[in-house]
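Below is one structure, written out as structure tokens; comments come after it.
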Amino acid sequence: MQWLGLDWDEGPDIGGPYGPYRQSERFDLYREWAHKLVEEGFAYEDHSTSEDVERERELARSEGRRPDHRAVAERAARDGQPSIRFIVPPDRTMTFHDEVLGDISTDLGRTPDFVILRADGTPTYMLAVTVDDVAMEISHIVRGNDLMASTPRQLLLREAMGVKDVPVFAHLPLIVDDKGKPLSKRWGDVSVAAYRDQGFLPEAMLNYLALLGWSLDDHTNIFSMDEAIAAFDLARVNKNPAAFDVTKLEWINGHYIRAKTPEELAHDLVPFCVAEGLAADTDEGRATLATVAPLLTERMKRLTEAPPMIRFLFERPAPDDKALKALENQAEYLGAVATALETIEKWTTAEIEAALRALAEERDLKPKKAFQPVRAAVTGTLVSPPLFESLEILGRDETLERLRSAI
RNA sequence: GGCCCGGUAGUCUAGUUGGCCAAGGACGCCGCCCUCUCAAGGCGGAGAUCACGGGUUCGAAUCCCGUCCGGGCUACCA
């Protein structure tokens, strides 16, 4: 979250007026509430074993009724620590308003009594979250749609706790994979850090994520966090799940990469180059990065694409297969190229280009025919940043040496 | 099984009060242009019976009913 530039006003790390913020430090509070609810008749102690509960559930399903956990509890043996189960009144319909889904009604006649405190004294999600929401005076509950079905039970708990006011609820659509299965932090490849390591920019990530389930208007794709905040409205959030599409994320990422200054890009690239073994974290390396950055900016969708493109600036490349092929029978020509470059007055892109084009003209070579062998000799590949600029950055001596060693 | 929610092109979406939608934008895809490669950029194109079937209406993606499909909940998971 910090990488994304998202921050929070209260929390275990920075404190705040409603602490403690770690559930394990609030266990006493949960236990107090659970016992209070028992005393007031909203819940009961349950000594049933999990087998008892399981059996009742099966039976209830086969009979088409809701499980009667209370009846089972009354028959259960009395030894051991009990769990505490909350009583769900069967003859009610719970209705609440959701900012994104609208009005939702649930017939509680189908909702079984549920455990709020486990036999080991720890609270279930249902109790903990409700106690916390009340104690911390939470005004807006915005969460994933997967938690929507738990809302009526939480509302019931609030009532039993004697809380009159109801927070604003908003259930956001889930993000799903390309097969439509919900992404989950429990099964997933999905931690933001993974995207950072894959070469995505935080601003691109934020922009893309905002587009999942929401849109600024009918045509804007690129916007800053500030613009999103200014325009955001829960009522315009979509109800249906959205598939995570890395390809579109890449397009957005490319956009933000292009928007960077060479200095910024060079800075961002350092760790990725170092990870690939390039000596980028030195004064010389950083200077090299700063000079190539302008050539890279419009050729990248992810920062991880940079190292392979600029490796030739840091070390002598071993030509790949295609480069090797392009170098066949080019010895004489490459020699002429070297000679032409040798006599250039100033080693600049413009002069390098002029010299190479003149040579191509003289030999009646199409540009592609003329330049690809040079590219292969110098960069070891057929795909690289623009050639003349690359040669300028590489320097005359190194360029000439590579040309000659390719002969 | 029961309860709840959802369903516009491969994908993200516009569409909230029915007519301006024989459905708009974007990613991706295809083609052309530019061009030293790859990109970026420009231009153009294909791609949606608005899940399906009924109904209401002069008129429905938008309202109603049913069906199908997907997901969530139905846990002493969260």
Side-chain angles (χ1 to χ4, degrees), chain A residues 46 48-50 53-54 57 60-67 81-85 98 100-102 104-112 114-126 128-129 143-153 171 173-174 176 178-182 184-186 208 211-222 235-236 238-252 254-255 258 295-301 305 309 322 326 353 356-357 360 366-376 379 381-388 390:
Chain A
D46 187 348
S48 323
T49 64
S50 49
V53 174
E54 184 57 32
R57 202 169 28 221
R61 180 189 276 223
S62 69
E63 293 174 3
R65 58 174 175 81
R66 84 168 189 177
Q81 276 296 311
S83 60
I84 291 179
R85 205 176 271 278
D98 187 286
V100 346
L101 297 171
I104 311 284
S105 298
T106 310
D107 175 10
L108 296 181
R110 290 292 174 176
T111 304
F114 56 93
V115 171
I116 55 176
L117 196 73
R118 303 188 184 94
D120 65 4
T122 61
T124 60
Y125 167 77
M126 215 59 78
V129 82
R143 66 215 321 189
N145 189 273
D146 53 336
L147 262 8
M148 203 248 317
S150 73
T151 307
R153 281 170 286 165
H171 289 93
L174 264 22
V176 299
D178 54 3
K179 291 174 201 66
K181 294 296 176 200
S184 157
K185 61 182 172 193
R186 272 129 85 180
Y208 177 67
L211 244 19
L212 253 27
W214 183 75
S215 58
L216 197 149
D217 55 32
D218 64 348
H219 64 279
T220 307
N221 288 286
I222 302 293
R236 279 201 58 244
N238 286 155
K239 299 177 172 69
N240 52 303
F244 192 92
D245 178 13
V246 191
T247 311
K248 185 157 184 177
L249 207 209
E250 286 182 330
W251 174 74
I252 290 178
H255 177 91
R258 272 169 254 135
L295 307 183
L296 261 26
T297 172
E298 61 196 26
R299 298 168 216 280
M300 280 193 295
K301 296 193 293 281
E305 293 171 72
M309 287 195 281
K322 287 180 180 169
E353 175 164 8
L356 291 184
R357 285 196 188 279
K366 288 240 189 293
K368 188 171 176 177
K369 282 275 182 216
F371 304 140
Q372 284 300 72
V374 179
R375 188 188 306 280
T379 72
T381 162
L382 255 28
V383 178
S384 83
L387 185 61
F388 315 121
S390 296

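Quick caveat: nothing in here was measured; it's all calculated off a predicted structure. Naming: A, B, ... by sequence-line order, numbering from 1 per chain.
Distances shorter than 4.0 Å separate none of the side-chain N or O atoms of A:Arg66 from OP1 or OP2 on B:C3. Not one side-chain nitrogen or oxygen of A:Arg65 sits closer than 4.0 Å to the OP1 or OP2 atom of B:U74. A sub-4.0 Å separation between OP1 or OP2 of B:C76 and a side-chain N or O of A:Arg85 is present. Between A:Arg118 and B:C77, a side-chain N or O to OP1/OP2 separation shorter than 4.0 Å is present. Taking 4.0 angstrom as the limit, A:Ser215 places a side-chain polar atom (N or O) nearer than this to OP1 or OP2 of B:A14. Distances shown here put every side-chain N or O of A:Arg57 at or beyond 4.0 Å from the OP1 or OP2 atom of B:U74. Residue A:Arg236 has a polar side-chain atom (N or O) positioned under 4.0 Å from OP1 or OP2 of B:A14. Between A:Arg258 and B:G41 there is a side-chain polar atom (N or O) within less than 4.0 angstrom of OP1 or OP2.
Contacts of A:Arg153 with the nucleic acid, taken as non-hydrogen atoms under 4.0 Å apart, involve only primed sugar atoms and P, OP1 or OP2. Counting any heavy atom pair closer than 4.0 Å across all strands shown, A:Asn238 reaches sugar-phosphate atoms only and no base atom. At a threshold of 4.0 angstrom between heavy atoms, the contacts of A:Ala119 include nucleobase atoms, whether or not backbone atoms are also involved. Across all strands shown, A:Asp146 has heavy atoms under 4.0 Å from sugar-phosphate atoms exclusively, and none from any base. Residue A:Leu212 is in sugar-phosphate contact alone, with no base atom involved, counting any heavy-atom pair closer than 4.0 Å across all strands shown. At a threshold of 4.0 angstrom between heavy atoms, the contacts of A:Tyr208 with the nucleic acid are absent. Within 4.0 Å of A:Thr247, counting heavy atoms only, lie sugar-phosphate atoms of the nucleic acid but no base atom. Using a 4.0 Å heavy-atom cutoff across all strands shown, A:Leu211 reaches sugar-phosphate atoms only and no base atom. A:Ile252 comes within 4.0 angstrom of nothing in the nucleic acid, heavy atoms only.
To the nearest angstrom, C1' of B:A78 lies 13 Å from CG of A:Leu174. Going from atom NZ of A:Lys301 over to atom P of B:C38 covers 14 Å, rounded to whole Å.
Taking A:Trp214 as the reference, A:Phe223, A:Phe232 meet the ring-ring contact (aromatic ring centres under 6.0 Å, His included) condition, with sequence neighbours excluded.
The side chain of A:Ser83 approaches B:C76 more closely than any other nucleotide in the set B:C76, B:C5, B:C36. Considering only the side chain of A:Asn145, B:C5 comes nearest among B:C5, B:C76, B:U37.
Using the Watson-Crick or G-U wobble rule with both distances under 3.5 Å, B:U57 pairs with nothing in any strand shown.
In this structure, A:Arg299 and A:Pro67 both approach RNA chain B, and ranking their closest nucleotides by distance from the 5' end singles out A:Arg299.
Here the CG atom belonging to A:Asp107 is positioned 9.5 Å from the CZ atom belonging to A:Arg66, to the nearest 0.5 angstrom.
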